[in-house]
Amino acid sequence: MSTVDTIQDAVMVEMLRGQFAPGSWVRQDQLAKRLGVSKIPVREALQRLAAIGLLRFEPNRGVVVPTLSVAEAAENYALRSAIEPVLLAQAMPNLSIVDLAEAELALTRSDLSLTEANWAFHHALYRTSRWDRGLAMTQVLHAAVAPYVLLYTEGLGGAQNSSDEHLAMLDACRNRHVDQAVNLLAQHLDGAAAALHHYLLHRDSDS
């Protein structure tokens with residue numbers, strides 16, 4: 001991997017952990033110092049992340065994390081709903097006991113942030129699809145929705161619903177009920193998207 005690739009992956013992991021607050025500025029010099037690299041590859045890595053919509057360059061100001069919005073939530077969850085059920089259906093015939101155990105473990109690991117655990121759970125169920133492009137796209141989407149996942153689970157009280165839905169999906173996967181697992185995943189994504197849409201729409205209308 002090149003230095004730029006390494007930096008891009010490091011920032012992506014931090015975004016998956018929910019470490020970048022919406023509307024916050026990403027200071028290139030601070031990031032370079034923290035990662036022990038020069039600012040040139042940092043800028044290139046951030047430009048790559050901006051090209052896929054995870055960050056935004058503001059002229060004469062720097063790099064900012066997009067704020068939460070109805071439009072962003074709608075796009076991200078529509079794309080997740082289009083891609084992830086297909087990945088799950090493709091992966092299910094190949095899921096092993098290890099994959100299922102890792103998905104279950106992700107729900108209880110204390111060393112992972114909530115959003116990191118969410119990605120670990122879904123990735124464990126999708127990775128045997130062997131659709132590398134789809135998995136890469138899904139990782140980007142999970143990095144993009146990390147702040148929305150935090151808002152839904154912690155701000156809007158969706159934590160228990162999310163936990164119950166994850167366990168139901170896992171049970172369907174264990175029993176090789178493909179249609180049921182895919183439907184549960186679709187409902188899981190649609191429920192979060194609807195709650196976020198309602199909240200963000202009213203927030204914006206009240207401001």
Side-chain angles (χ1 to χ4, degrees), residues 1-87 106 111-124 126-127 129-155 189 192-193 196-197 200 203-204 207:
M1 292 178 67
S2 70
T3 301
V4 175
D5 292 332
T6 301
I7 297 167
Q8 181 177 345
D9 284 354
V11 175
M12 179 85 77
V13 168
E14 292 185 356
M15 297 189 82
L16 284 165
R17 289 175 181 156
Q19 292 180 213
F20 287 85
S24 63
W25 294 93
V26 180
R27 305 299 177 189
Q28 297 179 53
D29 53 345
Q30 293 177 6
L31 186 58
K33 183 177 181 180
R34 180 157 54 81
L35 297 177
V37 297
S38 72
K39 288 194 290 186
I40 294 174
V42 166
R43 183 172 180 81
E44 185 175 341
L46 296 181
Q47 286 173 334
R48 287 185 184 181
L49 293 169
I52 55 178
L54 293 180
L55 298 171
R56 188 172 67 248
F57 274 79
E58 293 285 347
N60 303 316
R61 298 189 68 190
V63 185
V64 67
V65 181
T67 56
L68 300 181
S69 71
V70 172
E72 287 275 349
E75 178 181 2
N76 289 327
Y77 276 91
L79 290 171
R80 285 191 65 189
S81 295
I83 297 171
E84 292 184 39
V86 180
L87 286 177
D111 60 318
L112 299 179
S113 71
L114 187 151
T115 52
E116 195 176 11
N118 184 64
W119 166 240
F121 172 81
H122 285 276
H123 182 254
Y126 303 158
R127 65 188 178 193
S129 66
R130 303 191 180 100
W131 285 17
D132 293 341
R133 188 178 296 110
L135 286 168
M137 294 169 66
T138 303
Q139 184 180 23
V140 170
L141 290 169
H142 274 256
V145 302
Y148 296 90
V149 170
L150 284 173
L151 172 60
Y152 173 67
T153 54
E154 297 181 349
L189 296 173
L196 288 163
H197 178 86
L200 293 169
R203 180 204 65 177
D204 293 346
S207 61

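Counting from 1, the numbers follow the sequence of the chain as shown.
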> If you look at every heavy atom in Pro66 and Gly53, which pair is closest and at what distance?
Replying inline: CG-O, 4.0 Å

> CD1/Ile83 to CE/Met137 distance, rounded to the nearest 0.5 angstrom?
Replying inline: 3.5 Å

>> Using the rule given for side chain to side chain contact (heavy atoms under 4.5 Å, CB included), can you reason through Arg80 versus Thr138, listing the C-alpha separation, both sets of side-chain angles and the distance that settles it, and then say yes or no?
In response: CA-CA 7 Å; Arg80 285 191 65 189; Thr138 303; 5.8 Å; no

>> For Tyr148, give me all partners under ring pair (Phe, Tyr, Trp, His ring centres under 6.0 Å), at least two apart in sequence or on another chain.
In response: none

> Any side-chain heavy atom of Phe20 sitting closer than 4.5 Å to one from Leu54?
Replying inline: no

> What is the minimum heavy-atom distance between Ala21 and Val65, and which atoms define it?
Replying inline: O-CB, 3.5 Å

>> To the closest 0.5 Å, what do you measure between NE2 (His122) and NE2 (His142)?
In response: 5.0 Å

> If you look at every heavy atom in Thr67 and Glu72, which pair is closest and at what distance?
Replying inline: O-CG, 4.3 Å

> What's the shortest heavy-atom distance between Gly134 and Leu87, and which atoms?
Replying inline: O-CD1, 3.8 Å

> Hey, are the side chains of Leu79 and Glu75 touching, using non-hydrogen atoms and a 4.5 Å cut-off?
Replying inline: yes

> Looking at CH2 of Trp119 and CG of Leu141, how far apart are the two atoms once the value is rounded to the nearest 0.5 Å?
Replying inline: 9.0 Å

>> Closer than 3.5 angstrom, by distance alone: can the side chain of Thr115 be matched with the main-chain N or O of Leu16 as a donor-acceptor pair?
In response: yes

> Side-chain contact, heavy-atom cut-off 4.5 Å: Leu46 with Leu31?
Replying inline: yes

>> I need the Ser24 OG to Gln19 CD distance, nearest 0.5 Å.
In response: 11.0 Å

>> I'd like to know whether Leu55 forms a side chain to side chain contact (heavy atoms under 4.5 Å, CB included) with Val64, so could you lay out the CA-CA distance, the side-chain angles of the two residues, the decisive distance to 0.1 Å, and finally the verdict.
In response: CA-CA 6 Å; Leu55 298 171; Val64 67; over 6 Å; no

> Within the side chain of Thr153, is there an N or O that forms a donor-acceptor pair under 3.5 Å with the backbone of Val149?
Replying inline: yes

> Tell me, which pairs form a side-chain hydrogen bond (donor to acceptor under 3.5 Å, both in side chains) where one or both residues lie in residues 31-53, sequence neighbours left out?
Replying inline: Asp5-Arg48, Gln8-Arg48, Glu14-Arg34

> Does Leu68 reach the side chain of Arg203, with side-chain heavy atoms less than 4.5 Å apart?
Replying inline: yes

>> Among residues at least two apart in sequence or on other chains, which ones pass side-chain hydrogen bond (donor to acceptor under 3.5 Å, both in side chains) with Ser69?
In response: none

>> Test of understanding: with side-chain hydrogen bond (donor to acceptor under 3.5 Å, both in side chains), list the residues that count as partners of Glu116, not counting sequence neighbours.
In response: Arg17

>> If you compare all heavy atoms of Leu189 against all heavy atoms of Tyr77, which two are closest, and at what distance to 0.1 Å?
In response: O-CD2, 3.8 Å

> Which residues pass the side-chain hydrogen bond (donor to acceptor under 3.5 Å, both in side chains) test with Asp111, sequence neighbours left out?
Replying inline: Arg109

>> Which residues pass the ring pair (Phe, Tyr, Trp, His ring centres under 6.0 Å) test with Phe121, not counting sequence neighbours?
In response: His166

> Say you draw a straight line from CD of Gln139 to CE of Met15; how long is it, rounded to the nearest 0.5 Å?
Replying inline: 11.5 Å

